[in-house]
Number of protein chains: 2
Amino acid sequence: MPSPSPASRRKTGGCPTGCSVEDTLSLIDGKWKIVILYKLLRGTLRFNEIRRQIPAVTQRMLTNQLRELEADGLVIRTVYPEVPPRVEYSLSAKGRSLEPVLLALKAWGDANFGAQAQARAA
Amino acid sequence: MPSPSPASRRKTGGCPTGCSVEDTLSLIDGKWKIVILYKLLRGTLRFNEIRRQIPAVTQRMLTNQLRELEADGLVIRTVYPEVPPRVEYSLSAKGRSLEPVLLALKAWGDANFGAQAQARAA
DNA sequence: GCACATAGTATCGAAAAGGATACTGTCAGG
DNA sequence: CCTGACAGTATCCTTTTCGATACTATGTGC
């Protein structure tokens with residue numbers, strides 16, 4: 001089964017011309033998804049760790065985007081039932097397969113936005 | 001100067017952690033930009049040719065997105081002062097340099113949305 | 001008892017994005 | 001004369017997105 005339950009908030013509609021591109025875009029739209037995926041590329045992170053890495057995102061948005069990413073099968077959410085609650089997020093195989101896209105994006109950004117971005121690159 | 005006038009509708013804000021990725025995203029957000037760029041990858045197109053290739057986009061949106069792409073230096077708009085007006089859109093060098101990103105996106109989409117999209121691929 | 005940390009929810013409201021529809025002006029075809 | 005194609009504008013309205021703020025529950029440290 002290629003697309004089990006896309007959880008797509010944006011309907012793709014008819015999609016008359018070949019547009020797996022559009023389908024893909026519907027999974028990674030939202031202002032933060034790609035950044036989150038990119039951060040997760042280097043390893044599992046906890047909720048507040050992500051928050052600290054992306055200070056501009058609000059708690060609501062982060063929860064939101066993470067839930068959508070989870071629903072789309074791109075990230076895995078693991079809850080440890082401890083008492084200071086602990087939740088870890090990591091990429092699924094599907095999420096990890098986006099790596100070429102993420103890296104291409106990063107490479108283009110570095111090439112087109114100069115060195116100041118490169119210098120800061122975490 | 002690496003980024004002359006990004007025409008960015010979305011402010012990037014401080015961008016404290018390395019995020020040329022975010023900068024890049026601000027250029028290609030909007031529901032249609034990537035699809036437009038993708039279509040343009042195979043050559044120059046006129047306004048209504050693009051419309052026909054992406055039937056779901058409205059005239060207003062198409063104008064809009066094309067203008068933003070032009071402002072960001074990704075596409076070139078050439079007006080021929082003829083009397084059935086003729087306007088051609090093509091990728092700039094900068095736009096063309098996005099090719100790896102677009103192809104990575106397409107490849108991922110094809111791999112993750114099954115064969116029906118591949119079959120239709122223009 | 002109070003504050004802090006964790007990982008969130010809930011609610012409100014502003015702003016932006018996107019869609020529908022109608023209109024422009026000129027020329028060619030019938 | 002009427003219609004259609006071209007490449008848009010202009011206007012209005014709905015939907016979606018995003019942000020701010022306040023709140024939950026639990027345990028630890030002071």
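Lettering follows sequence order; numbering is per chain, from 1.
- Atom CG in A:N64 sits roughly 17 Å away from atom P in C:dA7 (whole-Å rounding).
- Residues passing the side chain to side chain contact (heavy atoms under 4.5 Å, CB included) test with A:E99, sequence neighbours excluded: A:L41, A:R96, A:L103.
- Within the structure, a side-chain polar atom (N or O) of A:R52 is placed less than 4.0 Å from OP1 or OP2 of C:dT6.
- Contact annotation: A:K31 side-chain N/O to D:dG19 OP1/OP2 distance is under 4.0 Å.
- Listed nucleotides D:dA7, C:dG19, C:dG8 differ in distance to B:N48; the shortest reach to its side chain belongs to D:dA7.
- One interatomic measurement links the two molecules: CD of A:E22 to P of C:dG18, which rounds to 13 Å at whole-angstrom precision.
- A close approach under 4.0 Å does not occur between any side-chain nitrogen or oxygen of B:R67 and OP1 or OP2 of D:dA7.
- We find that CG of A:L25 is positioned 16 Å from P of C:dA17, with the value rounded to whole Å.
- Among the atoms of the strands shown, none is found under 4.0 Å from any heavy atom of A:R51.
- Between the OH atom of A:Y80 and the C1' atom of C:dG8 there is a distance of 18 Å, given to the nearest Å.
- In summary, B:R51 and B:E49 do not engage in a salt bridge, as defined by a charged side-chain N under 4.0 Å from a carboxylate O.
- For B:R46 and D:dC6, the shortest distance from a side-chain N or O to OP1 or OP2 is not below 4.0 Å.
- Residues meeting the side chain to side chain contact (heavy atoms under 4.5 Å, CB included) test with B:I76, sequence neighbours left out: B:T78, B:S90, B:S92.
- Contact of the B:L62 side chain with the B:T58 side chain is not registered, since no non-hydrogen atoms from C-beta on lie closer than 4.5 Å.
- As rounded to whole Å, 9 Å separates atom C1' of D:dT17 from atom CD of A:Q65.
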Sequence-aligned protein contact record of nucleotides 21-30 of chain D, with B where the base is within under 4.0 Å of a protein heavy atom and S where only the sugar-phosphate is:
-----SS---

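- For the pair A:L62 CG and C:dG8 P, the computed distance is 8 Å after rounding to whole Å.
- Counting only heavy atoms from C-beta outward, the side chains of B:L98 and B:L91 never approach each other to under 4.5 Å.
- With values rounded to the nearest 0.5 angstrom, B:D29 atom CG is found 11.5 Å from B:T24 atom OG1.
- Taking every side-chain heavy atom of B:T63 into account, D:dG8 is the closest of D:dG8, C:dG19, D:dT17.
- For A:K94 against A:D72, the heavy-atom pair with the smallest separation is NZ-O, 3.4 Å.
- Atom CZ in A:R86 sits about 11 Å away from atom C1' in C:dT6, given to the nearest Å.
- Between the OH atom of B:Y89 and the P atom of D:dC6 there is a distance of 14 Å, rounded to whole Å.
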